[in-house]
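Read through the structure below, which is laid out as C-alpha cells, and then see the notes.
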Amino acid sequence: MRCELIDRRVGAYVDGELDPASMLDVERHIEACGRCQERVGFERRFRSLVNESLTGLELPEDLRERISRNLDAVDVRSEAAVLRRRSLQVFVAAAGITLAVGLGQQARLSFPEAVVAESAPPPQVASLTPVFDEVVRLHASGLPADVRPQAPSEVSQYFRDKVSFPVTPAVFDGNEARLTGARLHPVGTRKAAALYYDVGGRRVTVVVTDGHLPELGGPIPEGEIVFRDVGGYTVPVRRQGDLTYVFTGDVDRETLLRLAKSARVGR
Amino acid sequence: MRNPIRLFRKRTHEKREAFELEAMPHLEALYVAARRMTRSATEADDLVQETMLKAYRFYDRFEPGTNMRAWLLKIQTNAYINRYRRRVRERSFRESEDAQPIGESLMSRAAVRALANPLDEAHRRMLAGAIQEALDALPEGQRILIVLADLEELSYKEIADVLGCPVGTVMSRLHRARKAMQKHLVDHAIDLGIVAEEPVEGPVSLETYRAARGGAA
Ligand SMILES: [Zn+2]
C-alpha cells in the first residue's frame, strides 16, 4: 500500500472505523514506514488538540434552570389540553384548579380600580377564543426570543421592518418586570410582537398586535382591562390607541391583572 | 374510581423524571456542540433550549437502549441546519462544499514530526486559538462534521444517521474537513515558530515526496 493511500485513511484508522481488512493493510504499512508512523502520531495529536481546545465550555449560569421552566410549561400545557378534551366541569372540580374556557368567562374590569369577578363554571367548552389560546400556547411553549435587548428601544428597532405598526414595549411600575427578549410571532392571521418579561423569576409574555380582537365582540374602551381564563392561564387584554396588548404568564391572576393595569403602554 | 387527571399527572411526572435523568446530563455536550456550530453564545443558548424542548416533546420516540447523546445531537444538528438554511435560503451549502478540490498534499514532514510529539503547555495554548480559528473558518457542513466526530466523538454510523447520508460520505467529508484544519494549524505553528520549516525539503507535495522516496513501501 502506498503512503498516499495511508494519508487518505489515517483519519478513519485513528477513529477505529476501518473495516478489518483495511485496518490490517494500514497496520502492516505503518510498521515498515517511518513517515506514516509520524503521520499517525500527528493525527492522534491533532485529535486531542482539537478536543481539548474546543470543549470544556461552561454552561450559561441559568440555562439549566430556564430549560427546566420550559419543560414545566410543556407539562402544564399538556395537562391543560387533557383537561380541555375531557368533560370540563367534572375534572375542573376534581383537580381543583382554575380552568375556564368560553364566552361566559369574560370579565370586564373598570380601570383603575380593578375588581376581579369570580365567574361561574362555563356552560360550554367550544373554543371561541383563538387569539387567547394562541397567546397561551406561545407562552407555554417557551419559544426562544429573537432578540435579547439591553434597552426597550432595541425592541422597537427590531420590529421596525417586521410589523406594520410601531412596537413599544410595555413598561411596568417599580421595575417589577424586566424585559428579557422579544420574538416575531404570528397570532392567527396577524403579525404580532411577543415580548418576554421576567417578574421575580417567573415568565410573563405580552403580545402586541394591531386592531381589535374579534372574539371580544368590539373594541374595549381604552383604559379598561378585559380578561379570560384559558388553559389554566389568566389572559388580560388592554387596548391603547390602535394597539392591543395581550398579557399572560406564570404568575397568579392578581399579579397579572395588576401588571396589566400598571403597564405603561403606547408611545 | 380511578381519577384520570391524577393518573395523567403521575405519568407526566414519571416521564419528566426519566427525561431529567437521561437527557439532562448531556446538556454540557449539547452546549459545546451548539457553541461550535453557531459560533455565538446567544445563538447556542437558544439552540440548546429549542433542542431540549423538542427532545422532551418527542421523548416517546427515543428508542431505549440506543445512544441518548447521539439522539439529542441529531435533534440539535437538524434544528441548527434548519435555522442556517432559513438564513442562506437558496444556497445549498452541502453541494457547494463537495465542489471544492480535496487538496491532498502539502504537509511538511518536519511539521508532522514536530506536532506528532507531545507539546508543552505554552505551545498547546498558543495552538488552541489557531484551532478555533480553523474550525470557525470551515464551511458549515464540514464544521458540523468536526463537531460531531472530534468534539462529540460520535461513530461514523451515528453521524451518518444524524445527517441522513451514507457512511462513506461521512468518511470522505470528514477527511476533507480535517485536512483543511490541519493545514491551518501547521501554517500557524510555523508562524509561531513552534514548527520549523524544513529548509531543504520544505512543504512538499505528496507526489514529489513519493517520487523522491521511490513511491512504495
Ligand atoms: Zn508510508
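In what follows, every chain begins at residue 1, and chains take the letters A, B, ... in the order their sequences are listed.
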Minimum side-chain heavy-atom gap [X]-[Y] below 4.5 Å:
{"X": "Met181(B)", "Y": "Val50(A)", "value": "yes"}
{"X": "Ser68(A)", "Y": "Glu20(B)", "value": "yes"}
{"X": "Leu57(A)", "Y": "Glu28(B)", "value": "no"}
{"X": "Glu43(A)", "Y": "Gln182(B)", "value": "yes"}
{"X": "Phe46(A)", "Y": "Val186(B)", "value": "no"}

Evaluate the criterion side chain to side chain contact (heavy atoms under 4.5 Å, CB included) for residue pair Arg178(B) and Arg47(A); output intermediate values, then yes/no. CA-CA 9 Å; Arg178(B) 283 174 177 155; Arg47(A) 218 59 69 74; 3.1 Å; yes

Notebook entry, point to check: Sequence neighbours excluded, which residues qualify as salt bridge (Lys or Arg N to Asp or Glu O under 4.0 Å) partners of Asp75(A)?
Noted result: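 Counting only residues at least two positions away or on another chain, Asp75(A) forms a salt bridge (Lys or Arg N to Asp or Glu O under 4.0 Å) with Arg16(B).
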
State whether the number of non-hydrogen atoms from other residues, nucleotides or ligands found under 6.0 Å of [X] atom [atom1] is greater than 12.
{"X": "Lys191(A)", "atom1": "NZ", "answer": "no"}
{"X": "Glu61(A)", "atom1": "CD", "answer": "no"}
{"X": "Lys162(A)", "atom1": "NZ", "answer": "yes"}
{"X": "Glu27(A)", "atom1": "CD", "answer": "yes"}

Where is the tightest heavy-atom contact between [X] and [Y], given as atom of each residue plus distance?
{"X": "Ala145(A)", "Y": "Asp46(B)", "value": "O-OD2, 3.1 Å"}
{"X": "Arg64(A)", "Y": "Met24(B)", "value": "NH1-O, 4.0 Å"}
{"X": "Arg36(B)", "Y": "Ser53(A)", "value": "NH2-O, 4.0 Å"}
{"X": "Met52(B)", "Y": "Leu71(A)", "value": "O-CD2, 4.0 Å"}
{"X": "Asp45(B)", "Y": "Pro60(A)", "value": "OD2-CG, 3.6 Å"}

* **Part of Glu58(A) within contact of chain B (heavy atom distance under 4.5 Å)** =>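 Just the backbone, heavy atoms under 4.5 Å.
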
Against chain B, label Leu63(A) side chain, backbone, both or neither, depending on which of its atoms sit under 4.5 Å from a heavy atom there.
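Only the side chain of Leu63(A) comes within 4.5 Å of chain B.
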
For this session: Check the pair Val48(B), Ile67(A) against side chain to side chain contact (heavy atoms under 4.5 Å, CB included), reporting the backbone distance first and the verdict last.
Result: CA-CA 9 Å; Val48(B) 170; Ile67(A) 287 171; 3.9 Å; yes

Engaged part of [X] at the chain A interface, taking heavy atoms whose separation is under 4.5 Å:
{"X": "Glu152(B)", "value": "neither"}
{"X": "Leu135(B)", "value": "side chain"}
{"X": "Leu151(B)", "value": "both"}
{"X": "Met171(B)", "value": "side chain"}
{"X": "Leu174(B)", "value": "side chain"}

To the nearest 0.5 Å, what is the distance between CZ on Arg8(A) and NE2 on His175(B)?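 Atom-to-atom, Arg8(A):CZ and His175(B):NE2 are 6.0 Å apart.
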
> From Ser78(A) OG over to Arg11(B) CZ, what is the distance, rounded to the nearest 0.5 angstrom?
Replying inline: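 Ser78(A) OG to Arg11(B) CZ: 10.0 Å, rounded to 0.5 Å.
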
Under 4.5 Å, counting heavy-atom pairs only, tell me which of Leu127(B), Ile146(B), Leu53(B) racks up the most with chain A.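 Looking at each of Leu127(B), Ile146(B), Leu53(B) in turn, Leu53(B) comes out on top.
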
Would you check, one step at a time, whether the test side chain to side chain contact (heavy atoms under 4.5 Å, CB included) holds for Asp150(B) with Asn51(A)? CA-CA 6 Å; Asp150(B) 293 345; Asn51(A) 202 286; 5.7 Å; no

| query | Within the distance-only criterion (no hydrogens, no angle test), does the side chain of Gln49(B) pair as donor or acceptor with the backbone N or O of Pro144(A) below 3.5 angstrom? | reply |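 Looks like no, no N/O pair under 3.5 Å.
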
**OP:** Using a heavy-atom cutoff of under 4.5 Å, enumerate the residues of residues 196-205 of chain A that contact chain B, numbered in order, or state 'none'.
**Re:**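 Residues of residues 196-205 of chain A touching chain B at under 4.5 Å: none.
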
